[in-house]
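Down below is the structure, laid out as structure tokens.
Given the structure is predicted, the values throughout are model-derived calculations rather than measurements. Start at 1 and go down the list; that is how both ligands and their atoms are numbered.
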Amino acid sequence: MRVLALDNFITGSPQNLEPLQGNPEFEFRQADVNHGVFIGGDVRYVLHFASPASPPQYDANPIHTLKVGTIGTMNMLGLARAKNATFLLASTSEVYGDPLVHPQPESYWGNVNPIGPRGCYDEAKRCAEAYAMAYRRMHQVDTRIIRIFNTHGPRMQVQDGRAVPNFMAQAIRGEPLTVYGDGSQTRSLCYVSDLVRGVIAALERGDEQPVNLGNPEEVTVLELAETIIRLAGSKSRIDHRELPVDDPKQRRPDITRARKLLGWQPEVGLEDGLRRTLEYFRSVL
Ligand code: UDP
């Protein structure tokens with residue numbers, strides 16, 4: 001199958017595409033989906049992953065983040081409609097906000113602050129989900145919605161700003177690990193290869209209802225920092241910093257639906273995944 005990738009590099013980088021150069025099945029075009037994209041020929045799948053996804057990055061680009069979740073999503077749904085293609089929306093666990101239900105099933109409607117610093121991302125993704133459902137109802141577009149929980153892996157940017165790249169870069173450099181707040185907030189980290197299998201399973205076997213994709217292995221942020229120090233064999237210490245506004249206190253996917261509908265579950269354990277990502281950061285730092 002041929003793949004055409006579009007990116008405006010607002011958070012990505014051309015270097016990440018180097019391994020694909022010369023592959024006759026792969027084509028790249030620098031483009032911003034907010035401005036509409038015109039593609040000749042047949043398209044079977046439209047996978048809409050465009051958006052900053054790191055809190056400091058969407059905080060730095062709030063209007064762009066809102067636009068890509070709304071206008072960008074509308075444009076990609078329009079493309080899918082015109083091509084009679086299946087559309088997949090990369091939604092997020094952020095639609096649950098700072099969740100009052102734990103772990104989070106897809107049936108939970110969430111606890112989102114629309115006017116806080118995370119609102120530009122959370123509400124744009126919630127709007128994107130509404131768009132997908134509207135195009136399905138109005139225009140019978142074949143849609144999928146995946147809600148991606150915290151994921152990590154090779155080729156994340158060193159400057160990404162999320163916990164895993166920050167902690168790994170800090171541990172490798174021997175700098176203090178910046179744990180926000182007391183570190184008792186929890187996350188559940190999925191390794192990228194598991195996520196990719198889930199994306200393909202959702203395309204092939206999914207339905208119109210949202211499905212969580214993530215690893216239910218939950219850790220506190222402090223445990224995550226300590227684990228990364230240990231795996232890196234680092235002498236770094238931990239430096240507590242101010243907790244960002246509206247930082248979710250707990251997050252763990254309920255993946256019952258993904259297991260039943262897609263026959264999918266993560267296979268890479270937390271430490272195994274962290275070791276693989278760490279190897280990447282060592283190779284670039
Ligand atoms: N975090 C941290 N130090 C950092 C970066 C993040 O303690 O240098 C915390 C952050 O406050 C949050 C968790 O790690 O509680 C996960 O943050 P991340 O930015 O990776 O993603 P989020 O799950 O908040 O979207």
Original post:
Do Asp98 and Lys249 sit within salt-bridge range, that is, some charged N less than 4.0 Å from a carboxylate O?
Top reply: yes

Original post:
Less than 4.0 Å between a side-chain N and a carboxylate O, is that true for Glu123 and Arg118?
Top reply: no

Original post:
Backbone, side chain, both or neither: what part of Thr178 comes under 4.0 angstrom of ligand 1, heavy atoms only?
Top reply: both

**OP:** Could you find the nearest protein heavy atom to atom 23 (O) of ligand 1 and give me its residue, atom name and distance?
**Re:** Arg187 NE, 2.6 Å

**OP:** State which residue, out of Arg187, Gln250, Arg252, fulfils the side-chain hydrogen bond (donor to acceptor under 3.5 Å, both in side chains) condition with Glu218.
**Re:** Arg252

**OP:** Using the six-membered ring wherever Trp is involved, compare the ring planes of Phe87 and His48 and label them parallel, tilted or perpendicular (cut-offs 30° and 60°).
**Re:** tilted

Original post:
Between Arg44 and Asp42, is there a side-chain N and carboxylate O pair less than 4.0 Å apart?
Top reply: no

Subject >> Under 3.5 Å: N/O of Arg162 near N/O of ligand 1 >> reply: no

Original post:
In the protein, what heavy atom is nearest to atom 13 (C) of ligand 1, and what distance, to one decimal place, separates them?
Top reply: Val221 CG2, 3.6 Å

Original post:
Between Arg144 and Asp142, does at least one N-O distance fall below 4.0 Å, as a salt bridge requires?
Top reply: yes

Original post:
Can you tell me if Arg241 and Thr178 form a side-chain donor-acceptor pair at under 3.5 Å?
Top reply: no

Original post:
Do ligand 1 and Gln170 have nitrogen or oxygen atoms that lie under 3.5 Å from each other?
Top reply: no

**OP:** Check each heavy atom of Arg241 against ligand 1 and say whether those closer than 4.0 Å belong to the side chain, the backbone, both or neither.
**Re:** neither

Original post:
Which of the atoms in ligand 1, numbered in the order shown and given with their element, are less than 4.0 Å from a heavy-atom of Arg251?
Top reply: 22 (P), 23 (O), 25 (O)

Original post:
Between the side chains of Tyr96 and Arg251, does any donor sit under 3.5 Å from an acceptor?
Top reply: no

**OP:** Could you tell me if any non-hydrogen atom of Pro55 lies under 4.0 Å from any atom of ligand 1?
**Re:** yes

Original post:
For Tyr180 and ligand 1, does the shortest N/O to N/O distance drop below 3.5 Å?
Top reply: yes

Original post:
In terms of atom number and element, which parts of ligand 1 are under 4.0 angstrom from non-hydrogen atoms of Phe167?
Top reply: 2 (C), 3 (N), 4 (C), 7 (O), 8 (O)

Original post:
Can you list the atoms of ligand 1 that are under 4.0 Å from a heavy atom of Asn166?
Top reply: 4 (C), 5 (C), 8 (O)

Subject >> Identity and distance of the protein heavy atom lying nearest atom 25 (O) of ligand 1 >> reply: Arg118 NH2, 3.1 Å

Original post:
Are Gln170 and Ser236 linked by a side-chain donor-acceptor pair shorter than 3.5 Å?
Top reply: no

Subject >> Glu94: numbered ligand 1 atoms lying under 4.0 Å from its heavy atoms >> reply: 25 (O)

**OP:** Enumerate the atoms of ligand 1 whose separation from the nearest heavy atom of Val179 is less than 4.0 angstrom.
**Re:** 7 (O)

Original post:
Do any nitrogen or oxygen atoms of Ala163 lie less than 3.5 angstrom from nitrogen or oxygen atoms of ligand 1?
Top reply: yes

Subject >> atom 15 (O) of ligand 1: the protein heavy-atom neighbour that sits closest, reported with distance to 0.1 Å >> reply: Asp247 OD1, 2.6 Å

Subject >> Spacing of Arg257 atom CZ and Lys260 atom NZ [to the nearest 0.5 Å] >> reply: 10.0 Å

Original post:
Relative to ligand 1, is Asn150 under 4.0 angstrom through side chain, backbone, both or neither, heavy atoms considered?
Top reply: side chain

**OP:** Give a yes or no on whether a salt bridge exists between Arg2 and Glu27, defined as a side-chain N under 4.0 angstrom from a carboxylate O.
**Re:** yes

